[in-house]
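See below for the structure under consideration.
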2 protein chains.
Amino acid sequence: MIDEGYAAVTSRRVAERAGLKPQLVHYYFRTMDDLFLAVFRRRAEEGLAAQARALDSPQPLWALWRFGIDPSATRLTMEIMGVANHRKALRTEIGRYAERFRDEQTKAMTAALDRYGVNAADVPPIVWTFLATSVSRVMVMEQALGMSAGHAEVLEFCEGWLRRIEGEPLPIEAAG
Amino acid sequence: MIDEGYAAVTSRRVAERAGLKPQLVHYYFRTMDDLFLAVFRRRAEEGLAAQARALDSPQPLWALWRFGIDPSATRLTMEIMGVANHRKALRTEIGRYAERFRDEQTKAMTAALDRYGVNAADVPPIVWTFLATSVSRVMVMEQALGMSAGHAEVLEFCEGWLRRIEGEPLPIEAAG
DNA sequence: GTCTATAATCAGATAGAC
DNA sequence: GTCTATCTGATTATAGAC
């Protein structure tokens with residue numbers, strides 16, 4: 001899905017990778033929509049858990065940022081949005097999860113900005129989470145097209161903002 | 001393409017809309033890649049011209065912003081990026097045009113910020129163009145998913161920034 | 001659970017008549 | 001330029017044997 005897009009995920013190819021016959025895909029999932037839904041739910045729950053761990057760190061803003069600019073995670077997110085766009089059966093479910101991700105981010109952002117003494121009256125926390133998400137997603141999309149104009153400047157801008165608010169990034173702990 | 005995605009654009013459906021037989025699509029364009037390329041080039045050139053007109057207005061920043069938050073234009077852009085992502089033959093060409101769009105935007109942004117007396121040392125103009133692009137694209141993507149959380153706040157934030165820098169938006173002139 | 005067999009569509013693309 | 005006819009291959013999905 002990450003390499004060739006969701007359209008390349010067919011029952012034949014899935015079966016091939018699993019070393020089974022294509023018909024078994026339908027035995028387990030009936031339709032391809034059901035398969036996508038199952039994969040999506042699993043990844044989304046894992047993602048929510050991973051995000052919760054990240055936001056629980058001493059530097060939640062840096063953690064959120066690192067999450068966003070991870071290319072493979074964001075490429076997957078983009079593909080999932082593509083699926084949602086073209087398979088109505090999945091749209092609602094995917095939209096719901098996307099809102100859960102954003103809610104958690106915004107809660108953590110609100111708490112962090114409050115803790116750092118940043119005035120939330122000028123710029124609501126949800127605006128910061130939206131901006132962080134947007135920047136990373138578009139950057140990944142553009143990288144896929146071979147574009148890089150402005151990326152260095154944008155990275156510097158964002159990481160400068162993070163430094164001013166949350167200080168120098170601490171070394172990342174190894175994940176458990 | 002806007003309604004059902006680029007994958008729904010097949011020789012049969014194109015022919016149907018044109019009131020012709022599918023084989024004629026191949027007569028005129030040989031492959032579907034050639035067709036996509038022809039469509040893309042035409043729209044891109046039209047888009048560059050329209051963008052140039054917009055950036056030439058007395059309020060280039062507002063014009064650029066209005067361009068970005070136009071849902072159907074941005075949905076088309078997103079679909080084109082989807083095509084680029086999954087048809088290698090088109091990727092290079094699309095990437096090149098995307099860079100031309102950004103270059104023109106950044107030139108206009110640089111001139112405008114200079115004119116308005118905004119210090120470009122803190123935040124390079126290309127960062128502003130990147131942010132504007134990102135925000136509008138992700139907003140349109142999320143709208144397609146039925147999401148709206150934070151959109152009003154982000155709009156207010158962006159338009160507040162535009163007001164402070166470029167003043168209240170003047171009424172839009174009718175296009176010629 | 002896993003297989004073979006198969007149905008029903010739909011896709012891109014080409015050959016050749018007119 | 002436009003048509004008919006056709007090839008080739010992919011897809012989702014079901015039925016039924018083992």
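Chain naming here is simple, since letters A, B, ... match the order of the sequence lines and numbering starts at 1 in each.
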Salt bridge (Lys or Arg N to Asp or Glu O under 4.0 Å): which pairs involve residues 59-75 of chain A, sequence neighbours left out?
none
Identify every side-chain donor-acceptor pair in residues 114-128 of chain A under 3.5 Å, counting partners at least two apart or on other chains, and give the distances.
residue	atom	partner	partner atom	Å
Tyr116(A)	OH	Glu166(A)	OE2	2.5
Asn119(A)	OD1	Ala121(A)	N	2.9

Tell me yes or no: between the side chains of Gln105(A) and Gln51(A), is some donor less than 3.5 Å from an acceptor?
yes
Contacts under 3.5 Å, N or O only, protein and nucleotides 9-11 of chain D:
residue	atom	partner	partner atom	Å
dT11(D)	OP1	Thr10(A)	OG1	3.1

Output all residues satisfying side-chain hydrogen bond (donor to acceptor under 3.5 Å, both in side chains) with Thr129(B), sequence neighbours left out; order by chain, then residue number.
Thr106(B)
Can you list, by residue number, the residues of residues 22-31 of chain B that have a non-hydrogen atom closer than 4.0 angstrom to DNA chain C?
Gln23(B), His26(B), Arg30(B), Thr31(B)
Residues at least two apart in sequence or cross-chain that pass side chain to side chain contact (heavy atoms under 4.5 Å, CB included) with Ala50(B), listed by chain then number, are Arg53(B), Phe67(B)
Contacts satisfying salt bridge (Lys or Arg N to Asp or Glu O under 4.0 Å) that involve residues 5-32 of chain B (not counting sequence neighbours) are Glu4(B)-Arg13(B)
Residues which pass ring-ring contact (aromatic ring centres under 6.0 Å, His included) with Phe40(B), listed by chain and number, not counting sequence neighbours:
Tyr97(B)
Taking only residues two or more places apart in sequence or in another chain, which ones pass side-chain hydrogen bond (donor to acceptor under 3.5 Å, both in side chains) with Asp33(B)?
Arg87(B)
Residues which pass side chain to side chain contact (heavy atoms under 4.5 Å, CB included) with Ala15(B), listed by chain and number, not counting sequence neighbours
Pro22(B), Val25(B)
Using chain B heavy atoms and a threshold of under 4.0 Å, write down where along DNA chain C the contacts begin and end, 5' to 3'.
dA11(C) to dT14(C)
Using residues 148-162 of chain A as the side-chain source, report each donor-acceptor pair under 3.5 Å to any protein atom, sequence neighbours left out, with the distance given to one decimal.
residue	atom	partner	partner atom	Å
His151(A)	NE2	Glu142(A)	OE1	2.7
Glu159(A)	OE2	Trp65(A)	NE1	2.9

